[in-house]
There are 2 protein chains.
Amino acid sequence: MANKKTTITEIARALAITPSAVSKALNNHPRISDTTKEAVAAMAKKMNYQPNHLASALRKGKSNLLGVVIPMANISFFSSVVKGVEDVVNAEGYNVIISQSHDSFEKECTNIEALLKTQVDGIIASIGNETTDLQHYENVKEKGVPLIFFDRVDESLGVDTIIIDDYLGAFRAAEHLIDQGCKRIAHIGGHKHVPLYHNRIKGYLEALRTHHLPIEEELIWESGLEIKDGREITEKLLALSNPPDAIFASSDYSALGAQQLLLEQGINIPDEIAIIGFSNEPFTSYVTPSLSTVNQHSEQMGQRAAKIFLERMASKNKTDFMQNQTVLTPELIIRDSSRRGT
Amino acid sequence: MANKKTTITEIARALAITPSAVSKALNNHPRISDTTKEAVAAMAKKMNYQPNHLASALRKGKSNLLGVVIPMANISFFSSVVKGVEDVVNAEGYNVIISQSHDSFEKECTNIEALLKTQVDGIIASIGNETTDLQHYENVKEKGVPLIFFDRVDESLGVDTIIIDDYLGAFRAAEHLIDQGCKRIAHIGGHKHVPLYHNRIKGYLEALRTHHLPIEEELIWESGLEIKDGREITEKLLALSNPPDAIFASSDYSALGAQQLLLEQGINIPDEIAIIGFSNEPFTSYVTPSLSTVNQHSEQMGQRAAKIFLERMASKNKTDFMQNQTVLTPELIIRDSSRRGT
DNA sequence: TAAGTTTGTTCAATCGTTTGAACAATTTGA
DNA sequence: TCAAATTGTTCAAACGATTGAACAAACTTA
């Protein structure tokens, strides 16, 4: 079809100079004269030259590719993080490769392997729910590829991490419900082996203790935090001889499930039972009543992770391997599902 | 840190053979003996060898990278399409680079350029709302890089396209409202210069004509289709001396805006005014009342686009440049917002 | 004006892998 | 038994860009 490729060699030929002169001109090397630089630039434009990134990446040992591994792209939290990452690294000439693990351990492993094979310069990841063995991440570390965990992190590997203060978020969420006059607050939690959910449970418990409310095992549940989990657990909660007057769910989806069930049962939200979720997924503001939740500052989280990556790239002298542990402060978002009239 | 790199040269040295023998062994070349292949495989595993993708990509002139350009990743439709694409191409050894244009013409151009520079093997794109000049896409074509448009396409470039039958989707949506007994159906449409929205308007009009309903200009609006547009237009519709008894919105977001306003005004949905949206965004099933909508088969669309890409790669003999125009059939999803009791 | 410095360019090696051609060793066929 | 075919491997040249060293020419400086 078209003259598919213009290489620096061709530009060189056209100008009767050497490829290396062209390369240096394009890279603005100080020893190249302005005249040559201009001539090269003009010819490059004229010949519609597009640098071959692979060649330079190979030579420089740097692909300018950043891998991001997330459980799901269609969860708004994660796509926002990705947006934050992109905003920061695109400006520095990096491209982002996103791969989804769908919370499958196997897929996560193959994704990591694919990214390493593609010679990404770094990996930003959120660990899948299924994952307990971290060998594939060890691998990344061994290869000397910067690795940064966000949200679902593991401290044991000694890599950079960035999370929100889940404990505090949960504490505030529970405290807010207490402020609204709730006395029996149920918790729809995630699996305790995931640190982040564990921290939320602790925050919830501490809030109860602080305000001298009894802790009742029958009100505390663990689950996969999907919509159906919210429904099922809420059903069980309603069946109790003494049902709760509030539900704090560790995800917006499970909170939504709870809300749907309550609405179907004709239970008034928030007066009979108040609800608060976690993550500030967009839909929480669309539903009726709008759902209170906790904002995780997803985009900021991505930006921060990206900046840490860039710092790692800048200081490849690996002498100062100080682990970077960033904790962002969550923000309570109070909406109709928990705002009781005074 | 670690012995960061194992190359085929090192494997070769360890086995006292040449790098080319190693390369051929790894690639299962027929002329290499099974003994050698096994020895190489064993040594590769032992030395934790990871092929350098950049080098092979450079040599082979093929990066195994596929670029996907979408307006927004946090719109579920687009992330589903991406998922469909990934499912298909990952299996064939490709990685996907996603870049978002945020409906900015400038960003779209730089994205395309970045992808070309990265030497992607192909590009799957949905044209941004702002875009009217297609020079950057011409560029892709000129370079001989397979280009496939989906959803927001442009036929004039002569590249492969994949869309749903927007006309039919709109026709059915409007017809469904008519079936429910609605007589004055308003339309919250997108900008007419985007073919897809134009087709939906045509489908809507044709449904009215088919069922002998009058077409009233005051009921037909163009907008950016966001939540606020839905609210504003609905407000205007309610102010009419003869307000509509149904609203067909060209996006789920604008349908949601309409719904919110109607609920605030205490208007019964669907009995006083029925609503139907377009796209089947997940939140449509979460809101109350749940929103009727049109399913665009997003994941299938992505899969189809990916398959077309793979076909193009397989037949790089570019003799048979038959443009591939796929049209998927949309599916009506009827929920509470338009289902009137009989 | 001879020695030293600066300027602008070319040379040549390199990144790690691939691949057709070449070649030696072995096997087959008539 | 000698030529032909097969098998398994090595050779060497790519792919396109980068980069330190080398070098010639021009310019300073004493």
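The basis for the numbers below is simple: all heavy atoms, side chains too, and nothing from hydrogens, waters or symmetry mates. So you know, we letter chains A, B, ... as the sequences are listed, proteins then strands, and number each from 1.
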- Give one of base, sugar-phosphate or nothing for B:Ser23, where a contact means two heavy atoms less than 4.0 Å apart. base

- Note on the structure: Checking C:dT10, C:dC15, C:dT17 against the side chain of B:Ala55 (C-beta onward), the nearest is C:dT17

- Any A:Thr36 side-chain nitrogen or oxygen under 4.0 Å from OP1 or OP2 of C:dT9: yes

- Message: Is the ring pair B:Phe150/B:Phe77 parallel, tilted or perpendicular, if the boundaries are 30 and 60 degrees?
- Response: tilted

- State which of D:dA13, C:dT9, D:dA17 makes the closest approach to the side chain of B:Arg59. D:dA13

- Identify whether any heavy atom of B:Ser20 sits under 4.0 Å from a base atom; if not, whether one sits that close to sugar-phosphate; answer base, sugar-phosphate or nothing. base

- Task: Check whether any side-chain nitrogen or oxygen of A:Tyr49 sits under 4.0 Å from OP1 or OP2 of D:dA17, and answer yes or no.
- Result: yes

- Query: Which residue, B:Ser56 or A:Asp34, contacts DNA chain C at a nucleotide closer to its 5' end, judged by nearest heavy atom?
  - Reply: A:Asp34

- Here the distance between atom P of C:dT17 and atom CG of B:Leu58, to the nearest Å, is 12 Å

- Query: B:Lys37 NZ to D:dG8 C1': how many Å, rounded?
  - Reply: 11 Å

- Item | Side-chain N,O (B:Asn27) to OP1/OP2 (C:dT18) below 4.0 Å | yes

- Message: What contact category does A:Leu54 fall into here, base, sugar-phosphate, or nothing, at under 4.0 angstrom with non-hydrogen atoms?
- Response: nothing

Taking only N/O atoms, report every protein-nucleotides 21-26 of chain C pair under 3.5 Å with atom names and distance.
| residue | atom | partner | partner atom | Å |
| --- | --- | --- | --- | --- |
| C:dA21 | N6 | B:Lys24 | NZ | 3.4 |

- Expressed in angstrom and rounded to an integer, what is the separation of A:Arg13 atom CZ from D:dA17 atom C1'? 15 Å

- Query: Are A:Asp121 and A:Arg312 close enough for a salt bridge, meaning some N to O gap below 4.0 Å?
  - Reply: no

- Query: Whole Å only: how far is the CG atom of B:Leu26 from the C1' atom of C:dT19?
  - Reply: 15 Å

